[in-house]
Amino acid sequence: MAANDPFQFQEFEEASSLLEADRDATTITIDDDDTKAEKQRMAAGFIPDGDDEDRLASDDKTELLSGQKKSAPFWTFEYYQQFFDIETHHVRERIIGSMVPWPRKNFIHVYLRRNPDLYGPFWICTTLVFAIAISGNISTFLCKLGKPNYKYTPEFGKVTIAATAIFSYAWLVPLALWGFLLWRNNKAMNLVTYSFMEIICVYGYSLAIYIPAVVLWILPYEWLRWCSIMVALCLSGSVLVMTFWPAVRDDHPKIIIATMLAIVILNALLAVGCKVYFFSKLETLIPVEHAAVPEVIKTTHAAATHSS
């Protein structure tokens, strides 16, 4: 049985014949210089560089498989780079979700999935700034077109004012809301908390509905402008209310009412303020001012004639 065992060590025929021919001969193992050096390093306790690379690669694979990311300090570009790494179809889904809110669907839980981005909010705010400035200039041009002594001059200052208003709303309001939710979470238990980037992402995407509304404001019809404002306010406000309702619903009733009112009022102030400032009917004031000047001149001339 032992002779037929396939796992028993067997020598090569050539090697066995050589050993039988000269049994007193000694065998020498020849290693190249690289192999010797590697054995010496391993005996001294050094790990080859290849093992370090394999170890780093295995660590990266482990992090990817476990879904963990290396955290970088918030003052570095690497920290913000992760918020711009997003697919186009995800941005499209989030824009559509902010324009068509559904009842009992939280925007953060349904669309963000703990993966907020700054790419969509940044370009939405930038597009809205230029849409307001350009539409406001075109609206002013259409209102004053055909009037005597009118020369069109583009108002580039509107871009700066619109950018200040939009980006202040998109950054300062989420910052205040984030601080308030953290404070209430320390006061009351079992409250839902959102990160600062998630709140900014929600506010940025909630402004997407105002872009088509602002384009409609070019037409010189006040009823159309106010109707578009009301529709945009309802859609944008619904997204914000349904998103932040779970964060305060277990809080004190007065806190709930105050928080929801603040969210809706600030959103309305932004929309109404942009409409009044950039799309006010200035042409209605011009005839009154021009009509008042001749009357003053006539009255002064009549008084001077009577006194003489």
Side-chain angles (χ1 to χ4, degrees), residues 93-118 120-121 124-125 128 132 162 164-214 217 223 225-278:
E93 290 175 357
R94 294 175 182 184
I95 291 175
I96 296 175
S98 66
M99 292 184 177
V100 188
W102 293 97
R104 297 182 180 180
K105 281 192 176 181
N106 192 317
F107 185 84
I108 293 179
H109 294 164
V110 176
Y111 297 102
L112 299 189
R113 302 183 185 92
R114 295 297 177 184
N115 186 26
D117 71 287
L118 294 179
I124 287 173
C125 293
L128 183 58
I132 290 176
T164 304
I166 297 300
F167 280 97
S168 297
Y169 172 81
W171 282 88
L172 297 182
V173 175
L175 178 62
L177 182 59
W178 173 67
F180 175 77
L181 292 180
L182 284 181
W183 174 65
R184 293 309 303 171
N185 189 33
N186 294 330
K187 295 290 183 179
M189 301 298 293
N190 300 326
L191 293 181
V192 180
T193 57
Y194 299 133
S195 65
F196 178 56
M197 291 300 171
E198 289 175 342
I199 298 177
I200 285 182
C201 190
V202 174
Y203 267 85
Y205 279 103
S206 67
L207 296 176
I209 189 61
Y210 289 108
I211 296 177
V214 166
W217 293 354
W223 64 268
R225 293 175 179 177
W226 286 109
C227 288
S228 62
I229 287 178
M230 296 305 297
V231 173
L233 277 177
C234 291
L235 295 178
S236 179
S238 299
V239 172
L240 296 177
V241 169
M242 288 189 297
T243 300
F244 296 107
W245 168 255
V248 296
R249 64 184 175 185
D250 295 331
D251 208 335
H252 194 274
K254 292 183 179 179
I255 299 297
I256 297 174
I257 296 174
T259 305
M260 294 294 104
L261 283 178
I263 291 173
V264 174
I265 290 174
L266 290 175
N267 190 18
L269 285 177
L270 177 70
V272 176
C274 290
K275 190 272 171 192
V276 172
Y277 184 83
F278 295 99

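Note that the coordinates shown come from a computational prediction; the quantities given were computed from them, not determined experimentally.
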Practice problem: Quick one: sort the Phe107 and Tyr205 rings into parallel, tilted or perpendicular, breaks at 30° and 60°. | Solution: tilted

Quiz item: Is there a side-chain contact between Cys125 and Leu207, using heavy atoms and a 4.5 Å cut-off?
Solution: yes

Quiz item: Side chains of Tyr203 and Leu177: does their closest heavy-atom pair fall under 4.5 Å?
Solution: yes

Practice problem: Could you label the plane-to-plane angle of the His109 and Tyr194 rings as parallel, tilted or perpendicular, counting under 30° as parallel and over 60° as perpendicular? | Solution: perpendicular

Exercise. State, with a plain yes or no, whether a side-chain heavy atom of Val202 is found less than 4.5 Å away from one of Leu240.
Key: yes

Quiz item: Side-chain donor-acceptor pair under 3.5 Å between Asn185 and Thr193, yes or no?
Solution: no

Quiz item: Any donor and acceptor pair, going by atom type alone, linking the side chain of Ser206 with main-chain N or O of Ser236 inside 3.5 Å?
Solution: no

Quiz item: Are Ile209 and Val239 side-chain neighbours, meaning at least one heavy-atom pair lies under 4.5 Å?
Solution: no

Self-check item: Student check: side-chain heavy atoms of Val248 and Leu181 closer than 4.5 Å
Solution: yes

Self-check item: Any side-chain heavy-atom pair of Tyr210 and Asn267 under 4.5 Å
Solution: yes

Quiz prompt | Any Thr259 side-chain heavy atom under 4.5 Å of Arg184 side chain | solution = no

Quiz item: Is there side-chain contact between Cys274 and Leu270, with at least one heavy-atom pair below 4.5 Å?
Solution: yes

Quiz prompt | Flag, side chain of Ser98 to backbone of Ile95, donor-acceptor distance under 3.5 Å | solution = yes

